[in-house]
Amino acid sequence: MGGTGFFGAIAPIRYEGPKSANPLAFRSYDHDKLVLGKRMEDHLRAAICYWHSFAYTGLDQFGGATFLRPWFGDDMASARLKADVAFEMFDILGFPFFTFHDRDIAPEGASLAQSNRNVREIADVFARKLETRKVKLLWGTANLFGARRFMAGAATNPDPDVFAYAAAQVKNAIDVTHQLGGANYVLWGGREGYETLLNTDLKRELAQLGRFLKLVVEYKHKIGFKGVILIEPKPQEPTKHQYDFDVATVYGFLKANGLENEVKVNIEVGHAVLAHHSFEHEVSLAAALGVLGSVDANRNDYQSGWDTDQFPNNAPELSLALHAILKAGGLGAGGFNFDARARRQSFEPIDLIYAHIGGIDTLARALVAAAAMIEDGALDRFLAERYAGWDRGEGAEILAGRRGLAEMAARVERDNLDPQPSSGRQEYLENLVNRYL
Ligand code: XLS
Ligand code: NI
Ligand code: NI
């Protein structure tokens, strides 16, 4: 191993199977195992995120850093050390992807020109490391929420110069994502929202946000970037009202701007919970609307009301979302990015490893259960039967637009129609799901 020595003697993590008691082994994630004819690794396309693993200091609202990392500092030497440690962790875990914000990888300079140069310098470091490894970039993104200048928004700022500054930052972040062969580019509108309408012109801000997204899509095509542009919905935090509330809201926004065929969604489990949805609801809706892009894998505390970004550990719960993803034909260019952080008391290097092992094992278990649901077919058969009336006869005619209200009224009265309900069988279906787990 050698290298920075940060992870000490931790060897690359291997699959040892469900009976293994080794906490440094995968018990369910067997990357080459075929699930529905596809390798587990290719189903899950797991990514390690830079920000929570290497930039988060352990701070919370009441206390500062608890993680004492040798690369905490805002000079380029620290950024290079951070990159070395990051790739050592990618080697240990063997996940196929990673993700980052521009500000995670390199410090802000005295000017945007300098900041952008810093980002490109570390991107060059990445490019050299990628040459000898199989790990790839799932997506890059720009941090348009941390700096003071963005307190009133980036694209939705009342000052057009902040919009321009954000555009300049995003241009650079797309350039490096393109250079590194990124499969997607993400936009999470961290400050695109508002605290009070007293100081906010909502109509203008939505128009600005639409313009910004169009510029991003135009630029992507201009430079020949083949990755998918993704919007990550979140209902609140940091602002009280975020414009990209949930999948439905984002879809409406895309439609309004004619971008529904250009942009997809990156659905975060915890954000679904904050929007009072289940994760499987958000996934299923995105799939139904044709905008399912990628996933930020984590879990949220159900009581706290803020974004807790914990590692996933509930396979039964995730299995329904995995089922929806499999039914949709998978995530395509997307993947499962662990937008999750170890708790602030879990400050040792090995905690980062435990966290990711648990996360990917949980996803793997959920995937296997979901695949069993698909193979068995009982859930699909139930749905097909429940809606069968729409596939033929009058149902098909109605859907095809060949029946008006008057024609339906005439038929219902003439035939004295008196439809009888049939059971929704919820408990039967829930029991069925439990059989696959
Ligand atoms: C924050 C978001 C953020 C995005 C990337 O809540 O999840 O981490 O994934 O900007
Ligand atoms: Ni996220
Ligand atoms: Ni989050």
Side-chain angles (χ1 to χ4, degrees), residues 45-57 59-61 97-105 119 137-147 150 153-155 166 169-170 172-174 176-177 182-193 209 212-213 216 227-247 250 263-277 279 282-283 286 292-302 304-312 321 331 334-343 355 359:
R45 295 168 60 83
I48 293 169
C49 89
Y50 222 89
W51 53 103
H52 287 313
S53 289
F54 312 114
Y56 176 56
T57 63
L59 89 160
D60 67 9
Q61 297 93 319
F97 291 101
F98 72 110
T99 55
F100 63 83
H101 299 83
D102 49 2
R103 291 292 166 273
D104 304 333
I105 66 170
V119 170
L137 180 62
L138 185 64
W139 48 263
T141 187
N143 180 329
L144 304 178
F145 43 88
F150 295 128
Q169 208 181 311
V170 165
N172 192 64
I174 297 181
V176 301
T177 300
N184 306 270
Y185 182 84
V186 165
L187 295 147
W188 169 58
R191 300 275 170 196
E192 315 295 21
L209 197 56
F212 196 88
L213 189 58
V216 168
V228 183
I229 304 290
L230 301 171
I231 290 189
E232 183 174 321
K234 186 175 182 179
Q236 78 264 342
E237 200 197 304
T239 71
K240 164 71 181 155
H241 301 271
Q242 295 270 141
Y243 293 130
D244 298 332
F245 190 96
D246 60 1
V247 170
V250 168
V263 178
K264 294 186 156 129
V265 288
N266 179 41
I267 304 172
E268 180 161 323
V269 183
H271 298 180
V273 170
L274 292 173
H276 296 282
H277 295 305
F279 176 48
E282 290 290 80
V283 167
L292 178 60
S294 199
V295 167
D296 268 9
N298 58 23
R299 80 178 198 271
N300 212 70
D301 186 279
Y302 283 117
S304 69
W306 63 85
D307 188 9
T308 60
D309 287 340
Q310 290 164 266
F311 276 83
L331 291 174
F336 283 87
N337 170 51
F338 285 102
D339 190 349
R341 58 175 190 256
R343 299 300 90 186

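Nothing here was measured: the structure is a model prediction, and the numbers come from that model. In listed order, ligands and their atoms are each counted from 1.
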Practice task
Compute the minimum heavy-atom distance from H271 to ligand 1 and say whether it is under 4.0 Å.
Solution key: yes

Problem - Subset of ligand 1 atoms that lie under 4.0 Å from at least one heavy atom of D296 - result: 9 (O)

Practice task
Mind checking the CZ-CG spacing from F98 to L137? Nearest 0.5 Å is all I need.
Solution key: 5.0 Å

Exercise for the section: Measure from the side-chain N and O atoms of S294 to the backbone N and O of G335, and report whether any donor-acceptor pair falls under 3.5 Å. Expected result: yes

Exercise for the section: Work out how many protein N, O or S atoms lie closer to the Ni ion (ligand 3) than 2.8 Å. Expected result: 4

Exercise for the section: Without swapping roles, check the side chain of N300 against the backbone of T308 for a donor-acceptor pair under 3.5 Å. Expected result: yes

Exercise for the section: Look only at the side chain of T177 and the backbone of G182, and say whether a donor-acceptor pair between them is shorter than 3.5 Å. Expected result: no

Problem - Short N or O distance, W139 and ligand 1, threshold 3.5 Å exclusive - result: no

Handout entry: Least distance between heavy atoms, V186 atom then T141 atom
Key = O-OG1, 2.7 Å

Exercise for the section: Locate the shortest heavy-atom distance separating F338 from A46; write the atom from each residue and the value. Expected result: CE1-CB, 4.0 Å

Completion exercise
Residue, atom and distance of the protein heavy atom nearest atom 9 (O) of ligand 1 read E232 OE1, 2.7 Å

Problem - ligand 1 versus N143: contacting region, heavy-atom distance under 4.0 Å - result: neither

Practice task
Restricting to N/O/S, name the atom of E232 that gets closest to the Ni ion (ligand 2).
Solution key: OE2

Practice task
Work out which heavy atom in V265 is nearest to a heavy atom in V250; give both atom names and the distance.
Solution key: CG1-CG1, 3.7 Å

Handout entry: Closest approach of V170 to A142 (non-hydrogen atoms, all atoms of both residues)
Key = CG2-CB, 4.0 Å

Handout entry: Region of D307 engaging ligand 1 - heavy atom pairs below 4.0 Å
Key = side chain

Practice task
For side chain to side chain contact (heavy atoms under 4.5 Å, CB included), just list the numbers for D104 and F54, CA-CA rounded to whole Å, side-chain angles, deciding distance to a tenth of an Å, and then say yes or no.
Solution key: CA-CA 8 Å; D104 304 333; F54 312 114; over 6 Å; no

Practice task
Could you tell me which atoms of ligand 1, counted from 1 in the order shown, lie closer than 4.0 angstrom to a heavy atom of H101?
Solution key: 5 (C), 10 (O)

Handout entry: 4.0 Å heavy-atom contact, V186 with ligand 1
Key = no

Problem - Exercise: do D339 and N298 side chains pair donor with acceptor under 3.5 Å - result: no

Practice task
Establish, yes or no, whether the cationic atom of R341 lies under 6.0 Å from the six-membered ring centre of Y56 and within 45° of the ring axis.
Solution key: yes

Problem - Nearest-option assignment for atom 6 (O) of ligand 1, heavy atoms, candidates K234, R341, E237, Q242 - result: K234

Problem - Nearest neighbour in protein (non-hydrogen) for atom 8 (O) of ligand 1 - result: D339 OD2, 3.0 Å

